[in-house]
Amino acid sequence: MRKVTYVLKVGGAALTDKKTGRSFVSKVSECVAADIRKGTRIIIVHGAGYGAHRFVRSKGMRGVADNQADWARLRRNVSRITATLIDSLIDHGHAAIELSVLSMVRTGAGRITGFNLYPVKAYLDMGFVPIMHSDAPPDSKYGVSVLSGDDIAVYLANRLRAKALIFGIDIDGIRSADGSILKSVKKQNVGKLYTWDVNDVTGGMKKKLAEIGKLNPGTSAYIISLRKRGSLSKVLYGRGAGTKVH
Ligand SMILES: Nc1ncnc2c1ncn2[C@@H]1O[C@H](COP(=O)(O)OP(=O)(O)OP(=O)(O)O)[C@@H](O)[C@H]1O
Ligand SMILES: [Mg+2]
């Protein structure tokens with residue numbers, strides 16, 4: 001029998017307030033670590049947060065090669081988010097380890113053209129929780145190009161035939177125009193949903209929903225809040241939470 005695999009995208013929208021830069025990294029890390037039971041086969045991809053969005057807004061998606069020192073410093077800051085997540089997970093008994101997207105992925109004009117899945121699968125099979133983040137891998141056209149955590153998460157969910165891809169943000173799910181949270185949406189309808197723009201450099205909710213539309217038929221997506229305990233565990237072990245896209 002196929003082992004049940006989950007992919008969790010810990011969104012930049014959960015980790016930092018996109019307007020003020022306020023950090024929720026410790027709080028979100030604690031929620032994630034406490035909500036996952038030991039032995040769950042799960043991969044975590046986290047967003048880079050406020051600093052990375054600011055960098056890309058000012059230098060562009062292809063600006064890494066021309067601003068190497070700035071990017072290197074920023075990437076160092078992103079690794080602090082990874083470290084906080086890993087610390088919380090280890091404190092809760094999970095063998096969380098960082099895997100570098102740069103060493104596994106290649107892109108061409110910003111799209112994934114190669115992904116060495118061996119390390120991801122090998123560590124998952126041993127019971128580790130692999131963690132990676134949105135990054136800027138080598139790109140055959142641009143030298144280096146920013147790759148969103150959503151793209152990484154969708155790619156992994158499809159290739160590993162995940163049962164679900166869970167997007168954790170700052171809101172309890174997809175909000176409709178009347179303010180209520182949608183419980184369930186069909187993949188073919190994601191393009192019609194109401195969204196607003198938060199100036200997310202990798203396309204925000206609109207692009208996230210378009211990517212969700214590309215998931216394998218067997219993989220559901222959930223959009224939940226990661227700023228409070230319980231929603232993630234309801235998706236993993238209960239009857240679901242937030243918005244389910246199936
Ligand atoms: N209909 C909607 N329902 C819920 N959130 C929405 C909707 N439309 C837009 N949003 C916005 O989308 C944001 C989440 O998407 P966004 O791409 O900004 O975050 P993220 O993917 O978590 O961050 P990152 O790309 O940094 O990892 C929420 O913070 C919310 O403000
Ligand atoms: Mg985003």
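Whatever order the structure lists ligands and atoms in, that order sets their numbers, starting from 1.
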Thr5 side chain to Arg41 main-chain N or O, any donor-acceptor pair under 3.5 Å?
no
How far does OG1 of Thr107 sit from CG of Asp135, to the nearest 0.5 angstrom?
10.5 Å
Between ligand 1 and the protein, tabulate every N or O atom pair separated by less than 3.5 Å, reporting distance only.
from: ligand 1; atom 1: 1 (N); to: Arg175; atom 2: O; distance (Å): 2.9
from: ligand 1; atom 1: 1 (N); to: Tyr194; atom 2: O; distance (Å): 2.8
from: ligand 1; atom 1: 3 (N); to: Arg175; atom 2: N; distance (Å): 2.8
from: ligand 1; atom 1: 8 (N); to: Trp196; atom 2: N; distance (Å): 3.1
from: ligand 1; atom 1: 17 (O); to: Asp200; atom 2: OD2; distance (Å): 3.0
from: ligand 1; atom 1: 18 (O); to: Lys18; atom 2: NZ; distance (Å): 2.8
from: ligand 1; atom 1: 18 (O); to: Asp200; atom 2: OD2; distance (Å): 3.4
from: ligand 1; atom 1: 19 (O); to: Lys18; atom 2: NZ; distance (Å): 3.1
from: ligand 1; atom 1: 21 (O); to: Lys9; atom 2: NZ; distance (Å): 3.3
from: ligand 1; atom 1: 21 (O); to: Lys208; atom 2: NZ; distance (Å): 2.5
from: ligand 1; atom 1: 22 (O); to: Gly12; atom 2: N; distance (Å): 3.3
from: ligand 1; atom 1: 22 (O); to: Ala13; atom 2: N; distance (Å): 3.1
from: ligand 1; atom 1: 23 (O); to: Gly12; atom 2: N; distance (Å): 3.1
from: ligand 1; atom 1: 23 (O); to: Ala13; atom 2: N; distance (Å): 3.3
from: ligand 1; atom 1: 23 (O); to: Lys18; atom 2: NZ; distance (Å): 2.9
from: ligand 1; atom 1: 25 (O); to: Asp200; atom 2: OD2; distance (Å): 3.0
from: ligand 1; atom 1: 26 (O); to: Lys18; atom 2: NZ; distance (Å): 3.3
from: ligand 1; atom 1: 26 (O); to: His53; atom 2: NE2; distance (Å): 2.7
from: ligand 1; atom 1: 27 (O); to: Lys9; atom 2: NZ; distance (Å): 2.8
from: ligand 1; atom 1: 27 (O); to: Gly12; atom 2: N; distance (Å): 2.8
from: ligand 1; atom 1: 29 (O); to: Asp170; atom 2: OD1; distance (Å): 2.7
from: ligand 1; atom 1: 29 (O); to: Asp170; atom 2: OD2; distance (Å): 3.3
from: ligand 1; atom 1: 31 (O); to: Trp196; atom 2: NE1; distance (Å): 3.1

Inter- and intrachain pairs under salt bridge (charged side-chain N to carboxylate O under 4.0 Å, His left out), touching residues 187-211, at least two apart:
Lys18-Asp200, Asp150-Lys208, Asp151-Lys207, Lys207-Glu211, Glu211-Lys214
Just give me the atom name: the N, O or S atom of Asp200 closest to the Mg ion (ligand 2).
OD2
Quick check: are there more than 12 heavy atoms from other residues, nucleotides or ligands sitting under 6.0 Å from CZ of Arg80?
yes
Between Arg37 and Tyr237, is NZ or CZ placed under 6.0 angstrom from the six-membered ring centre and within 45° of the ring axis?
yes
Any Lys/Arg nitrogen of Asp172 or Lys228 sitting under 4.0 Å from an Asp/Glu carboxylate oxygen of the other?
yes
